[in-house]
Structure formats: C-alpha cells, structure tokens
Amino acid sequence: MKLSDKDRTTVLSNIGGAGIFVTCGRQHPNVMVAHNGALGKMWGRDVFFLPIKSNKYSYQIVTQTKSFALNIPLRDMRDEIARCEIMSGYDHNKFEELGLHVKRARSIDAYVLGSRYLVVECKVIAAIPPDAVSAWTDTPLPGYTLFVGELAECYNV
C-alpha cells in the first residue's frame, strides 16, 4: 500500500509538529501521542517506524496485537494531544476522558479515531530492540523499541 504525496506530507508535517494520535488494541484499546517516527521502505514494503518506550501501556498492546494505527487530525487538536501526553493508559480511559470517538479499524485488530482524521493502519513486521536502537544514535534512547509497521490501509474518516 502506498501513500499519496498529499497523505505523506500530512503524516510527516504532523509527526514533526503538534503530534499524532496512535491507537492500538481492541479488547483493551489505548491511544498515545507520537512526535517521532518515519515513513520509509524496508524489504520492498512501505512502512512507518514507530518508537515506543517499553514501560508504556501501548508497548504491551502493540507487542501483543502486532498492529497500530496512525490517526492524524485534520483539525486543530493541540489541546487534546497535550492532555493525552500526560495521561497513562494504565490509569485512564483516554478515549472517554478526551472525548475521542472510536470505530473499528478496517484491517487490523484495533480501533481508530472516528471523525476528521487521516488514518493509516499498520501491521508490525519487525520490532527492533532498545539496545539495537541505541546503537544507531548519539543520543541515548533507553528502553525504546522501534516497531516497523507495514502500511496496510490509508483512508479519511
């Protein structure tokens, strides 16, 4: 699955700007905010690289379900993004507390956010462990696993 140039620009400008919502899981879903990540090609596949710290609730879910969804707001949601960043999925139902409506993802075992988003569903094809990730950078990133998600679906809701 390839992203259009417009969708690629939308993903990259938001990940480097206000941030994007990442949803994962269906039985015990969670939403987190990402400010880091990259689009690229690996093994001939279009992928998104998503770092998640191992103490995060989303880490457990993505490790189990082998999937996640990028939910890029198509409206100003800086307030919701800022509030989401300071909540833990272990202690909060962030969907409810932030007023985020969900719907079933099309091709992965997760929910996605329900209105005015560009959604990119990803199936995890690799997980690069923290010690390997730290070896690539001068800045230590202790505890981050780099999930490589193959782009499975892209659509507007």
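Every heavy atom of this structure was used, including side-chain atoms; hydrogens, water molecules and symmetry mates were not. Count residues from 1 along the sequence. Bear in mind that the values here come from a model prediction, so they are computed numbers and not experimental data.
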Let me confirm one number: the NZ-OG distance from Lys94 to Ser88, rounded to the nearest 0.5 Å.
6.5 Å
Any pair with a residue in residues 28-42 that passes side chain to side chain donor-acceptor pair (under 3.5 Å), sequence neighbours left out, goes on the list, sorted by first then second residue, please.
Asn30-Ser58, His35-Glu85, Lys41-Asp46
Rounded to the nearest 0.5 Å, what's the gap from NE2 on His92 to CG on Leu98? Could you check?
10.0 Å
Is Val62 reachable from Tyr57 through a run of I, L, V, M, F, W or Y residues, each pair having side-chain heavy atoms under 4.5 Å apart?
no
Mind running side chain to side chain contact (heavy atoms under 4.5 Å, CB included) on Val112 and Tyr155 for me, showing each step along the way?
CA-CA 11 Å; Val112 298; Tyr155 52 93; 3.8 Å; yes
Heavy-atom pair with the smallest gap, counting every atom of Trp43 and Ala126
CH2-CB, 3.8 Å
Compare every heavy atom of Ala127 with every heavy atom of Thr145, then report the nearest pair and how far apart it is.
CG2-CB, 4.0 Å
Under a 3.5 Å distance rule, please check whether Thr23 uses its side chain to pair with a backbone N or O of Tyr111 as donor and acceptor.
yes
Student check: side-chain heavy atoms of Phe48 and Ile15 closer than 4.5 Å
yes
Cys122 vs Ile108, side chain to side chain contact (heavy atoms under 4.5 Å, CB included): CA-CA, chis, key distance, verdict
CA-CA 7 Å; Cys122 299; Ile108 62 172; over 6 Å; no
Quick check on side-chain contact (heavy atoms from CB on, under 4.5 Å): which of Glu153, Glu150, Met1 does Glu121 satisfy it with?
Glu153
Side-chain heavy atoms of Glu80 within contact of Val31, under 4.5 Å
no
Stepwise side chain to side chain contact (heavy atoms under 4.5 Å, CB included) check, Glu97 with Met87
CA-CA 10 Å; Glu97 292 183 37; Met87 293 179 184; 3.6 Å; yes
So how far is it from Tyr117 OH to Lys103 NZ, rounded to the nearest 0.5 Å?
12.5 Å
Dump the intermediate steps for side chain to side chain contact (heavy atoms under 4.5 Å, CB included) on Leu70 and Val119, then the final yes or no.
CA-CA 6 Å; Leu70 311 175; Val119 173; over 6 Å; no
With clusters defined by side-chain heavy atoms of hydrophobic residues (ILVMFWY) lying less than 4.5 Å apart, directly or transitively, does Leu39 cluster with Leu50?
yes
Spatial distance of atom CD1 (Ile52) from atom CD (Gln60) [nearest 0.5 Å]
11.0 Å
SG of Cys24 to OH of Tyr59: how many Å apart, nearest 0.5 Å?
12.5 Å
Indicate yes or no for a side-chain donor-acceptor contact from Arg104 to the backbone of Ala110 under 3.5 Å, with no hydrogens or angles considered.
yes
Are Leu151 and Ile20 connected in a single hydrophobic cluster, I mean Ile/Leu/Val/Met/Phe/Trp/Tyr linked by side-chain heavy atoms less than 4.5 Å apart?
yes
How far apart are the closest heavy atoms of Ser67 and Val124, and which atoms are they?
N-CG2, 3.8 Å
Would you find a donor on one side and an acceptor on the other, under 3.5 Å apart, between the side chain of Asn71 and the backbone of Leu113?
yes
With side chains defined as the heavy atoms from C-beta onward, is the minimum distance between Ile61 and Phe68 less than 4.5 Å?
no
Within 6.0 angstrom of Asp5 CG, more than 12 heavy atoms from elsewhere
no
Atom NZ of Lys66 and atom CG of Asp109: how far apart are they, to the nearest 0.5 Å?
12.0 Å
Closest non-hydrogen atoms of Leu3 and Cys154, given as atom of the first, atom of the second and distance, are CD2-SG, 3.3 Å
Is there a chain of hydrophobic side chains (I, L, V, M, F, W, Y, each step under 4.5 Å between heavy atoms) that links Leu12 to Val47?
no
Which heavy-atom pair separates Ser107 from Ala152 by the least distance, and what is that distance?
OG-CB, 3.6 Å
Is the backbone N or O of Ala105 less than 3.5 Å from a side-chain atom of Arg26, with the two atoms forming a donor-acceptor pair by type?
no
Are Ile125 and Phe147 connected in a single hydrophobic cluster, I mean Ile/Leu/Val/Met/Phe/Trp/Tyr linked by side-chain heavy atoms less than 4.5 Å apart?
no
Return the minimal non-hydrogen interatomic distance between Ile81 and Gly19, and the atom names on each side.
CD1-O, 3.5 Å
